[in-house]
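Here's the structure, in structure tokens; my notes come after.
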2 protein chains.
Amino acid sequence: MSERRRHSWMEIRDSIRGLILNATYGPGDKLPRDEELALRFGCARSTVHRAMRDLAQNGIVERRRKGGTTVRRDPVTRATLDIPITRLEVEQRGYRYRHRLIRQSVQDTPPAIMANFGFSEPRAMLRVEALHLADNRPYIFEDRWISLETVPEITSVDLTHENANEWLVRNRPYSKCDLRLYARTATAGDRDMLQAQEGEALFVMERTTWIDAAPITSLCAVAHPGYQLFTQG
Amino acid sequence: MSERRRHSWMEIRDSIRGLILNATYGPGDKLPRDEELALRFGCARSTVHRAMRDLAQNGIVERRRKGGTTVRRDPVTRATLDIPITRLEVEQRGYRYRHRLIRQSVQDTPPAIMANFGFSEPRAMLRVEALHLADNRPYIFEDRWISLETVPEITSVDLTHENANEWLVRNRPYSKCDLRLYARTATAGDRDMLQAQEGEALFVMERTTWIDAAPITSLCAVAHPGYQLFTQG
DNA sequence: TACATTAATATGTAGGTACATATTCTTGTC
DNA sequence: GACAAGAATATGTACCTACATATTAATGTA
């Protein structure tokens with residue numbers, strides 16, 4: 001007797017989630033420790049641990065060594081955004097991709113970029129302005145700053161043919177990434193660059209990346225009118 | 001000799017990432033199987049597995065049973081967005097939160113909402129329009145549709161005091177969530193509701209949630225001018 | 001009481017074994 | 001050669017043990 005069937009960690013996760021949903025444990029409450037739950041569910045501690053890791057990752061609970069597991073007080077909608085390389089995004093939609101280098105020069109970082117990196121003083125960086133096109137229509141305009149200290153080779157890359165976006169992604173994978181999304185009104189400059197009507201609403205993505213503590217790049221990508229970012233999860 | 005120190009899964013992960021970065025294994029290439037790598041790194045297969053799970057989660061590699069592990073052909077910037085309950089977001093910024101119910105009525109879903117849920121026919125749902133305020137200034141306006149079949153109790157909730165956002169988050173956690181982000185030009189209606197100047201750029205978040213296959217809610221949240229969504233990771 | 005030191009404890013991780021599961025590959029049949 | 005059935009195999013999971021690590025709780029000292 002006591003036929004102990006094997007429980008999958010997903011079953012256990014759903015059971016624990018169930019306890020939270022039916023208010024057995026409310027926001028801010030402390031859950032029993034893993035070992036106790038394992039005993040109760042009739043599974044190994046490692047299985048409870050696996051389940052808990054998933055719940056923690058999805059923002060349902062918070063775990064701290066010795067502190068135990070608590071139900072998150074402030075529920076969040078957690079979504080994973082995948083921002084692909086622009087070329088692939090364009091090609092996936094069935095358009096022909098093209099890329100145009102607008103300008104490229106070494107300049108001192110302006111305050112906005114300093115803020116993104118957390119600099120207190122301006123630094124000389126490579127500024128690259130480029131346009132991504134889909135079937136020859138403007139798709140995304142990017143204004144990018146690249147650290148010359150972290151990425152010295154960039155000066156010897158021909159950015160008219162090779163695109164900075166892809167070169168960096170393939171050669172300087174980041175370990176940390178900040179992302180800022182907002183809406184901006186189109187200016188006269190956007191009108192020419194993105195064929196946007198002046199005053200039209202544009203979607204902006206600012207992305208700053210580091211490898212450990214070393215700054216790699218910070219870019220401001222302005223999408224064409226009507227652009228949408230979509231995720232499923 | 002052969003002092004076999006213990007390797008952490010993060011070390012192993014970084015080593016494997018290193019092999020990808022230095023082009024030992026390029027995009028689309030197949031990595032050695034876990035056991036082989038474990039032998040090579042001098043650790044247990046479970047440690048390699050742990051490392052690989054992390055790399056797969058971060059979109060670096062793809063894993064398939066029997067198929068093995070391959071380096072992802074199309075690198076992505078993967079970011080986790082945490083969209084908190086609006087009240088908490090407002091309070092965290094140090095403002096006083098208030099909520100105002102604008103309208104509430106049962107209506108047939110319009111095409112946009114049908115598309116979000118994947119309906120082919122209109123359905124009667126509860127439509128709730130509400131305004132979130134920060135220090136009495138408009139913060140986010142939400143136009144929400146709630147399924148009467150999945151959430152029948154909602155009709156007996158007093159949404160003038162309890163806010164639909166929080167009630168749902170606490171009472172109907174979702175298992176699936178679609179998210180759509182874009183920019184929109186302010187209309188005359190926004191001018192009154194969000195104190196936006198006509199023509200100003202507004203940030204819009206559309207969120208649709210299900211519990212398994214059952215639709216819960218679909219909402220279109222329009223933020224006040226200047227709103228930014230920010231993530232670190 | 002205030003503060004530093006030490007003990008206690010819950011989660012995190014490494015290693016190992018056994019088996020499950022999903023594919024791919026191989027082989028057999030027509 | 002086409003297709004189906006079965007074998008082979010890489011990843012996934014469950015359970016276990018032993019430590020590691022981060023914090024909290026308890027204790028001792030001034």
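Numbers restart at 1 for each chain; the letters A, B, ... are given by sequence-line order, proteins then strands.
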Could you state the atom-to-atom distance from CD of B/Glu62 to C1' of C/dT23 in whole Å?
15 Å
Relative to A/Phe119, does A/Arg123 satisfy both conditions: NZ or CZ under 6.0 angstrom from the six-membered ring centre, and within 45 degrees of the ring's axis?
yes
Within less than 4.0 Å of OP1 or OP2 of D/dG12, is there a side-chain N or O belonging to B/His49?
yes
Using heavy atoms and a sub-4.0 Å distance, could you list which residues of residues 28-40 of chain A are near DNA chain D? By number, please.
none
Side-chain donor-acceptor contact under 3.5 Å, A/Tyr139 with A/Glu89
yes
Who are the salt bridge (Lys or Arg N to Asp or Glu O under 4.0 Å) partners of B/Glu162, not counting sequence neighbours?
none
Is there a side-chain contact between A/Arg72 and A/Pro27, using heavy atoms and a 4.5 Å cut-off?
no
If only side-chain N and O atoms of B/Thr47 are considered, is one of them under 4.0 Å from the OP1 or OP2 phosphate oxygen of C/dG15?
yes
Electrostatic pair B/Asp178-B/Arg180, nearest N-O below 4.0 angstrom:
no
Whole angstroms only, please: what is the CZ-C1' distance between B/Arg50 and C/dT11?
13 Å
Ignoring backbone atoms, establish whether A/Ser8 has a side-chain N or O less than 4.0 Å from OP1 or OP2 of D/dT13.
no
Ordered by number, residues from residues 63-72 of chain B within less than 4.0 Å of DNA chain D (heavy atoms) are B/Arg63, B/Arg64, B/Arg65, B/Lys66, B/Gly68, B/Thr69
Sole candidate of B/His99, B/Glu142, B/His224 that passes side-chain hydrogen bond (donor to acceptor under 3.5 Å, both in side chains) when paired with B/His132:
B/Glu142
Just call it for B/Ser46: base, sugar-phosphate, or nothing, with non-hydrogen atoms closer than 4.0 Å on any strand.
base
Is B/Arg96 salt-bridged to B/Glu91, cutoff N-O under 4.0 Å?
no
Can you tell me how far the CZ atom of B/Arg78 sits from the CG atom of A/Asp82, to the nearest 0.5 Å?
4.0 Å
Closest-nucleotide ordering on DNA chain D, the 5'-leading residue of A/Trp9 and A/Arg45:
A/Trp9
